[in-house]
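Note that this is a predicted model, so its numbers are computed, not measured. Numbers restart at 1 for each chain; the letters A, B, ... are given by sequence-line order, proteins then strands.
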There are 2 protein chains.
Amino acid sequence: MNYAEFCKEIEMEKAAAFRNAVESNKGSIKIKKEKKLSENLSRIFDATIELANEKGFQAMSMRDLSSKASLSLGALYSYFSSKDELLEMIQGYSLAMVSVILTDSIKKETDSSKKLERAIRTHVYITEYMQPWFYFSYMEAKNMDRPAQKRAIEGELFTEKIFSDIIESAVSGKKPGDHDPVMTASLIKAMLQDWYLKRWKYRKRKIGPDQFADFLISFIRSSIM
Amino acid sequence: MNYAEFCKEIEMEKAAAFRNAVESNKGSIKIKKEKKLSENLSRIFDATIELANEKGFQAMSMRDLSSKASLSLGALYSYFSSKDELLEMIQGYSLAMVSVILTDSIKKETDSSKKLERAIRTHVYITEYMQPWFYFSYMEAKNMDRPAQKRAIEGELFTEKIFSDIIESAVSGKKPGDHDPVMTASLIKAMLQDWYLKRWKYRKRKIGPDQFADFLISFIRSSIM
DNA sequence: GTCTATACATAGATAGAC
DNA sequence: GTCTATCTATGTATAGAC
C-alpha cells in the first residue's frame with residue numbers, strides 16, 4: 001500500500017462518515033432536503049476548518065463563516081443550533097474517521113509485525129488525507145465542553161490501545177525484560193501526530209507521506225525489535 | 001542529573017529570563033517602580049497562563065484576567081498596551097528559557113552520546129518545570145501575529161538543530177548508510193513535546209519526568225545506535 | 001499606580017419577511 | 001430555505017478621579 005492507492009479507497013468511507021455525522025445531529029438540523037443539506041453542510045464544515053485553522057475557532061466569527069460558506073448569518077442556524085454544536089459535529093466526524101479506518105485496515109494483516117507497519121502507515125495516510133480536520137480537532141479540543149473533551153481523550157486512548165496491543169504481541173518473547181508497550185505506543189502516537197500538526201516543516205523539507213511513513217516505520221522497528 | 005537536582009539550579013536562570021522579558025518590553029510598560037512591576041507582572045503572567053490553558057487565550061477576557069490577577073481592568077493596561085502584546089511577552093519569555101538552558105546544559109558534556117542524553121533529559125526537565133508555559137506557547141502560536149509566529153518557528157528549528165547536530169556526530173561512522181539526523185531530530189522533538197502537551201495522560205499513568213526521560217533515552221538510543 | 005465608569009465595536013443568536 | 005434587520009451580551013481599551 002502507498003498513499004496514492006490509499007486515496008482511491010478512502011472516498012467511500014469518507015462519504016459514509018459524513019452521512020453518519022449528519023445522522024447523529026438530525027435533532028438540531030432544520031433542513032429537510034437531503035441534497036441541499038449535504039451540499040451546504042459540507043461547505044460549512046470546510047469553511048469552518050479553513051477559518052479555524054487560520055485564526056482559531058474562537059476567533060472565527062459567525063459572520064466570517066457566513067461569508068466564506070456563502071450563506072447568510074441566519075441561514076447558518078438552520079444547520080446547527082449553536083457555534084459550539086458545530087464544533088462538536090466536526091469533532092465527531094474526524095474521530096469516527098480515524099477509528100473506523102484504522103480498525104478496518106489492521107484486519108488485513110495477520111502477522112503482528114506487519115500489523116504494526118500497516119497501522120502506522122494507515123495513520124499517516126488518513127491524517128494526510130484529512131490533515132486540516134485533524135489539526136482542527138487537536139487544537140480546538142480544549143475549547144470544547146466537557147463531554148466533547150471526554151470523547152477526544154477516549155479517541156486518543158483508543159488509537160493508542162490499538163498500537164499497544166499490536167506491540168505487545170509483536171515484541172513478546174523477542175525483546176528481553178523491560179519493554180513497555182503502553183509507553184512505546186504513546187511515543188508512536190506523538191510522532192504520528194507531529195505529521196499533521198507540523199505540516200509547514202515537512203512541506204518545507206519536501207517530505208511526503210510515503211517518505212514519512214517509511215522513515216517512521218524503520219525508526220520504530222529498530223527501536224523495539 | 002535528575003529532576004530534583006535540576007530544579008535547584010534553575011531558579012536563577014528563570015529570574016534572569018523574567019528580567020530580560022521585562023527589559024525587552026520597557027516601551028509599553030508604564031510602571032516605574034521595579035519591585036511593583038515585577039511582582040504584579042509575574043502575577044499577571046501566571047494568571048494569563050492559567051486562564052488560557054483552561055479555555056484558550058482568545059476566550060479569556062480581560063475581565064477574567066483582571067479578577068484572577070487582582071488588579072483592575074484599567075490597571076492591567078499599565079503593564080502592556082494590548083492583549084496581543086501580553087501574548088507575545090509570554091512567548092518571548094518561554095522561548096528564551098528553553099534556548100538558554102539547553103545550550104548551557106550540553107556544554108557540560110563532551111562525548112556526543114552523553115550530549116544527546118543530556119539534551120533530552122534537560123528538555124524534559126525544563127518543560128516539566130514550566131509545563132503550563134510551554135503548553136501555552138504551543139497552543140497559542142497560531143493566534144499570534146506574523147512576527148511572533150516567525151519567532152515560534154525559529155525557536156522550534158533552533159532546538160531541533162541542536163539535536164540534529166548532536167545526532168550527526170554521535171551516529172557518524174557507527175550506523176551504516178541511510179541515517180537522517182534531521183528527520184530523527186524532528187521525531188525526537190515530537191516525543192519531547194508530547195511530554196508537556198499530554199500531561200493528563202502521563203499523570204494518570206503515574207509517570208514522572210525522570211521515568212519519562214529514561215524511557216525516551218533508551219528508546220532513541222536503541223533506534224539510532 | 002490604581003481605581004471606576006464608560007466609550008465603542010463586535011460577538012452570537014433570533015424574528016419575521018419573502 | 002434563505003434573507004435582512006435587530007436584540008442583547010460581551011469584548012477591548014481609554015478617560016479621568018483619587
Side-chain angles (χ1 to χ4, degrees), chain A residues 22 25-49 51-52 54-91 140 143-145 148, chain B residues 22 25-48 51-52 54-90 140 143-145 148:
Chain A
V22 170
N25 289 280
K26 270 284 188 273
S28 29
I29 299 176
K30 296 195 193 74
I31 309 298
K32 293 303 163 201
K33 289 197 179 147
E34 190 92 20
K35 197 182 163 208
K36 189 161 270 283
L37 169 58
S38 84
E39 271 175 20
N40 284 347
L41 189 59
S42 73
R43 222 173 48 249
I44 292 171
F45 279 6
D46 289 342
T48 305
I49 295 287
L51 287 166
E54 211 169 277
K55 52 161 116 171
F57 182 77
Q58 180 69 230
M60 170 198 86
S61 75
M62 296 305 281
R63 284 170 180 84
D64 294 338
L65 180 57
S66 109
S67 92
K68 171 130 355 202
S70 311
L71 273 170
S72 74
L73 196 50
L76 285 178
Y77 285 87
S78 307
Y79 292 83
F80 47 80
S81 64
S82 77
K83 198 184 173 189
D84 277 350
E85 199 188 67
L86 171 62
L87 181 67
E88 282 156 39
M89 284 169 76
I90 293 177
Q91 182 212 25
E140 303 299 343
N143 305 326
M144 296 171 190
D145 65 10
Chain B
V22 170
N25 288 280
K26 270 282 187 271
S28 30
I29 298 176
K30 297 194 192 74
I31 309 298
K32 293 302 162 202
K33 288 194 180 153
E34 190 93 22
K35 196 180 163 211
K36 187 160 270 281
L37 170 57
S38 85
E39 272 175 20
N40 284 347
L41 189 57
S42 73
R43 222 172 50 248
I44 292 171
F45 280 5
D46 289 343
T48 305
L51 287 165
E54 211 169 277
K55 51 160 116 173
F57 182 76
Q58 179 71 225
M60 169 199 87
S61 75
M62 297 306 279
R63 285 177 179 86
D64 293 339
L65 179 57
S66 111
S67 92
K68 170 133 349 202
S70 311
L71 273 170
S72 75
L73 199 49
L76 284 179
Y77 285 87
S78 307
Y79 292 84
F80 48 80
S81 65
S82 75
K83 197 185 172 188
D84 277 350
E85 200 189 66
L86 171 62
L87 181 66
E88 281 156 38
M89 284 170 77
I90 293 178
E140 305 299 343
N143 305 326
M144 296 169 189
D145 65 10

Interatomic distance, A/F45 atom CZ to A/F80 atom CZ [nearest 0.5 angstrom] = 9.0 Å

Reckon B/Y79 touches a base, only the sugar-phosphate, or nothing at all at heavy-atom distances under 4.0 Å?
-> sugar-phosphate

Quick one: list whatever passes side-chain contact (heavy atoms from CB on, under 4.5 Å) with B/D46, sequence neighbours left out.
-> B/W133

Quick one: pull up CG in A/L41 and CD1 in A/I31 and give me the separation to the nearest 0.5 Å.
-> 9.5 Å

For B/K36, enumerate each residue passing the salt bridge (charged side-chain N to carboxylate O under 4.0 Å, His left out) test, keeping only those at least two apart in sequence or located in another chain.
-> none

Which residues, if any, of residues 26-45 of chain B bring a heavy atom under 4.0 Å of DNA chain C?
-> B/I31, B/K32, B/K33, B/K36, B/N40

Check step by step if side chain to side chain contact (heavy atoms under 4.5 Å, CB included) holds for B/M89 and B/T48.
-> CA-CA 11 Å; B/M89 284 170 77; B/T48 305; over 6 Å; no

Residues from residues 82-89 of chain B sitting under 4.0 Å of DNA chain C, heavy atoms only?
-> none

Nt span of DNA chain D in reach of chain B heavy atoms at under 4.0 Å, 5' end first, is D/dG11 to D/dT14

Taking side chain as C-beta onward, heavy atoms only, is A/E88 less than 4.5 Å from A/D145?
-> yes

Which part of the nucleic acid, if any, lies within contact of A/L73, taking any heavy atom under 4.0 Å across all strands shown: a base, the sugar-phosphate backbone alone, or nothing?
-> base

Scan residues 67-78 of chain A for pairs that pass side-chain hydrogen bond (donor to acceptor under 3.5 Å, both in side chains), counting only residues two or more places apart or in two chains.
-> A/E50-A/K68

Helical bend (five base pairs per end, nearest 10°) for the helix from C/dG1-D/dC18 to C/dC18-D/dG1 = 0°

Residue pair B/L65 / B/L86, side-chain heavy-atom distance below 4.5 Å = yes

A/S61: partners by side-chain contact (heavy atoms from CB on, under 4.5 Å), with sequence neighbours left out | A/R63, A/D64

Where is the tightest heavy-atom contact between B/Y79 and B/I29, given as atom of each residue plus distance?
-> O-CG1, 3.4 Å

How long is the gap from CG on A/D84 to CD on A/Q58, to the nearest 0.5 Å?
-> 8.5 Å

DNA chain C contacts made by residues 55-70 of chain A, counting heavy atoms under 4.0 Å = A/M60, A/S61, A/M62, A/R63

Under the side-chain hydrogen bond (donor to acceptor under 3.5 Å, both in side chains) test, residues paired with A/N143 that sit two or more places apart = A/E140

Set of residues satisfying side-chain hydrogen bond (donor to acceptor under 3.5 Å, both in side chains) with respect to A/E85, sequence neighbours excluded = A/S28, A/S81

Looking at CD1 of A/I49 and CE of A/M60, how far apart are the two atoms once the value is rounded to the nearest 0.5 Å?
-> 9.5 Å

